[in-house]
Amino acid sequence: MKIKRLVSILLTVMMLTMGISFASAEGALEGQTILIGNIAPMTGVIANYGTAVDNGIRLAASEINASGGILGGTVVISTKDNQFTPAEAINGFNALLSEGAVAIIGAIASSVTSAITGPANDEGIVLITATSTADSITTEDDYVFRACFKDSFQGRMCASYAASQGWTKAAILYAKGDAYSSGLRDSFVAAAPDYGIEVVEEQSTSDTMAVDFSSQLATIAASGAEVLFAPYYYDTVGPKIIPQAREAGYLGAIIGADGFDGTQDVAVGDLTAYENVYFTNHYSPEDPSEVVQNFIAAYTEAYGAESLNALAALAYDAMYMVAQAIETAGSLDHDAIRDAMAGMHYVGVTGDMTLDETGTPDKSVAILTFVEEDGKLVQKFVTSQH
Amino acid sequence: MTEFLQQVIIGLRIGSVYALIALGYTMVYGIIRLINFAHGEFIMVGGYTLFFMIPVLMGFGLPAWTSVFAAIIICAAVGVLAELLAYRPVRKKGNRMTALITAIGVSLILQNLAQAIPFIGPNPKAITQDIFQSGRIDLFGVNTNWTSIFTIIIAAFVMVGLQLFIHKTKIGRAMRAVSENKAASTLMGINVNRTIVITFIIGAGLAAVGALMYCAQYRAVMTTMGSMLGLKAFVAAVLGGIGLIPGAMLGGMLIGLIEALVTAYISSSLANALVFVVLILVLLVKPAGIMGRNVGEKV
């Protein structure tokens with residue numbers, strides 16, 4: 001009897017203290033404002049990405065605030081336009097520091113993000129990029145994390161998919177001066193021998209702003225390649241690379257990475273040119289899982305379906321990852337948030353992920369393609385590769 | 001061999017656009033010794049006119065390329081406005097340096113104005129319609145596309161037409177006279193100001209034709225589209241000998257060919273750099289450009 005009573009008292013005390021500690025934790029940030037910065041290209045050639053990411057972050061923030069905020073604190077988002085330039089990203093970063101941001105999400109393109117990873121480490125503030133896939137982004141700095149997979153993984157998955165389709169002769173077209181494009185090229189070249197793929201032709205441009213690829217594509221068409229790996233962004237892929245490749249007489253498969261997302265909105269001319277084009281992405285909107293479908297419904301209701309893409313989903317996840325880290329840390333202390341972020345396990349729209357020691361998650365990729373439906377180009381899910 | 005010919009056609013296509021735009025630089029320079037840095041922005045104005053007019057004209061059942069006439073009118077209007085509101089008042093009061101700075105100012109105003117207009121904005125817009133016949137063609141075993149063929153043919157026609165205009169018409173003769181000696185032209189009863197306005201109209205109109213070719217091939221317009229294109233065309237004009245109409249044509253074609261062949265056979269990422277290397281080498285040997293004669297500056 002005595003023991004039973006003792007146990008029950010002990011249990012009650014434990015439950016009470018737990019309740020108290022819960023209550024105190026819940027209110028740890030009661031009434032406080034939690035300023036999260038977002039640095040994204042809101043104008044310029046990849047403004048589509050900036051808009052999607054900003055929407056994703058704001059959607060997550062409003063959901064978090066609607067369910068009581070983070071430990072009682074209200075999330076406020078401050079967005080800085082980087083105009084797709086490293087200099088503006090640094091300006092935005094400094095502005096956010098002086099505004100008192102506790103963590104920063106950004107930037108979009110790896111070439112821009114790499115300008116602010118060093119400063120983030122020096123200032124000791126968590127920087128999580130939703131979409132920058134260049135390998136080097138998280139390797140140097142302790143305060144830098146990401147929600148997406150890295151290029152060497154994407155390049156490898158592209159090679160793996162090409163091999164699974166029986167394509168063994170590959171050509172590459174990439175932008176030498178762009179971290180994203182050349183990073184993907186390096187990983188594709190490194191992975192190719194593992195999958196029995198021979199790189200028969202390699203062509204490049206100095207940056208991603210090039211408009212004329214006909215010379216390069218004519219050489220590639222003559223090389224007998226069965227698959228063309230072209231890691232560029234949608235604004236170049238849609239109106240330029242794909243139509244120019246078909247006009248140059250290259251009719252084989254064209255494969256790329258997540259930068260192809262959005263191509264369907266800028267496709268031009270004869271849409272049959274966009275057949276036989278594949279790309280890796282972070283998630284597929286056709287995934288029937290509840291978390292994905294809920295996200296799509298909420299996003300579409302708030303911002304419409306037009307700007308919805310994988311980047312919005314990643315940004316949405318990045319915001320929730322920051323929220324989870326702050327909740328674990330129990331305070332707005334920059335170092336506590338960093339420690340909570342490191343090695344975190346998180347389940348979101350873009351999959352089940354665990355951050356490795358560099359701050360990059362281990363997760364699966366989706367392979368997508370384009371098909372013509374009612375005179376419009378749409379994305380179609382092909383398979384999931386891990 | 002067929003691959004080489006294919007690269008030559010690509011080079012001629014790129015060069016045709018450069019040549020048309022270089023003509024605009026060179027004609028204005030020839031007549032008022034002004035490097036019109038806003039010329040690149042005339043291309044942008046033409047591009048956006050095409051972007052808005054193509055759906056309208058196609059709605060009336062007209063082919064997409066007919067929108068170039070609207071673009072020529074709008075570009076000419078912008079060119080005349082730039083001359084009347086900015087260049088002429090500055091030319092009266094200031095010197096050549098102030099005129100040059102004004103040209104840079106006009107360029108920035110046009111570019112930023114376009115970005116500020118809500119339905120244009122800073123983001124690129126795709127031209128989804130085919131301007132010329134789409135697809136590839138087999139030309140004596142050389143694989144190319146219809147856009148290239150049309151671009152080269154139209155450019156050739158325009159250049160021949162311009163040459164005839166300059167040499168066979170009264171206005172053409174007036175333009176040559178004004179570029180030779182402004183004061184003497186006035187004494188001969190030539191209306192110098194009107195001749196300058198006509199030069200701007202022709203230059204801007206050529207930029208509109210260049211914009212049509214740009215849009216047909218690259219299928220997108222953006223507010224900064226004229227910057228690099230204008231710079232390359234300016235280089236073409238200098239290479240050929242600025243102020244000389246045949247020089248601009250030759251310079252444009254040469255730069256297009258160098259770009260295509262360097263990309264294909266040397267290094268695709270060195271193309272831009274080598275264009276400038278060629279420019280420097282030519283200017284070291286012939287400072288006035290390939291077709292230019294070395295004449296002492298009149299003081």
Side-chain angles (χ1 to χ4, degrees), chain A residues 41-48 50-51 81 83-84 173-178 182 202-207 209-223 234-236 238-240 242-251 263 265-273 375-377, chain B residues 2-11 13-14 17 115 121-138 142-148 214-225 227-229 256-257 259-265 267-273:
Chain A
M42 303 305 290
T43 59
V45 288
I46 60 167
N48 279 14
T51 313
D81 181 11
Q83 298 169 19
F84 192 23
L173 175 65
Y174 73 107
K176 260 188 188 159
D178 183 77
S182 56
E202 202 168 340
Q203 290 287 325
S204 63
T205 56
S206 53
D207 56 35
M209 303 296 180
V211 289
D212 203 303
F213 299 87
S214 0
S215 288
Q216 290 94 327
L217 289 165
T219 312
I220 286 168
S223 72
Y234 71 93
D235 61 305
T236 310
K240 304 193 176 88
I242 294 175
Q244 287 181 25
R246 300 310 188 208
E247 280 172 354
Y250 177 76
L251 304 173
T263 296
D265 303 325
V266 289
V268 296
D270 184 9
L271 295 182
T272 54
K376 282 187 81 178
L377 205 63
Chain B
T2 55
E3 201 203 326
F4 176 75
L5 287 176
Q6 195 176 359
Q7 300 290 2
V8 168
I9 291 179
I10 291 168
R13 191 239 304 141
I14 302 173
V17 181
Q115 290 191 3
N123 301 327
K125 299 214 185 308
I127 292 178
T128 50
Q129 303 88 349
D130 283 318
I131 291 181
F132 300 122
Q133 189 175 346
S134 69
R136 301 178 293 123
I137 92 158
D138 213 31
V142 181
N143 191 355
T144 183
N145 64 350
W146 282 107
T147 303
S148 298
Y214 180 97
C215 293
Q217 181 67 23
Y218 307 129
R219 318 302 292 264
V221 287
M222 64 193 95
T223 52
T224 53
M225 64 188 261
S227 318
M228 195 60 195
L229 195 58
L257 283 172
E259 247 184 62
L261 296 177
V262 166
T263 302
Y265 298 110
S267 158
S268 33
S269 35
L270 273 180
N272 279 345

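To find a chain, count down the sequence lines: A is the first, B the second, and so on, and within it residues start at 1.
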Under the rule for side chain to side chain contact (heavy atoms under 4.5 Å, CB included), what residues qualify as partners of Q203(A), not counting sequence neighbours? L173(A), E201(A), Q216(A), T219(A), I220(A), S268(B)
Under 4.5 Å from any heavy atom of chain A - which part of T224(B): neither
For I10(B) versus A218(A), what's the shortest heavy-atom pair and its separation? CD1-CB, 4.2 Å
Selection from G238(A), A248(A), A222(A), A273(A) maximising heavy-atom pairs under 4.5 Å formed with chain B: A248(A)
Heavy-atom side-chain contact between D212(A) and R13(B) under 4.5 Å: yes
Measuring from S206(A):OG to L270(B):CG, what's the distance to the nearest 0.5 Å? 9.0 Å
From L217(A) CG over to T263(B) OG1, what is the distance, rounded to the nearest 0.5 angstrom? 11.0 Å
Where on I127(B) is there a heavy atom nearer than 4.5 Å to chain A: the side chain, the backbone, both, or neither? backbone
For G44(A) against P124(B), the heavy-atom pair lying closest together: O-CD, 3.9 Å
Counting heavy-atom pairs under 4.5 angstrom with chain A, the leader among Q115(B), Q129(B), Q7(B) is Q7(B)
Pairwise distance CZ(R246(A)) to CG(N145(B)) - rounded to 0.5 angstrom: 14.5 Å
Does K240(A) form a side chain to side chain contact (heavy atoms under 4.5 Å, CB included) with Q217(B)? I'd like the steps, not just the answer. CA-CA 8 Å; K240(A) 304 193 176 88; Q217(B) 181 67 23; over 6 Å; no
Do Q244(A) and Y218(B) pass the side chain to side chain contact (heavy atoms under 4.5 Å, CB included) test, and can you show the C-alpha distance, the side-chain angles, and the key distance before you say yes or no? CA-CA 9 Å; Q244(A) 287 181 25; Y218(B) 307 129; 3.5 Å; yes
Which value, rounded to the nearest 0.5 Å, describes the distance between T128(B) atom OG1 and L271(A) atom CG? 9.0 Å
For Y214(B), is it the side chain, the backbone, both, or neither that has a heavy atom closer than 4.5 Å to a heavy atom of chain A? side chain
If you count heavy-atom pairs under 4.5 Å between each of A267(A), S204(A), A210(A) and chain B, which one has the most? S204(A)
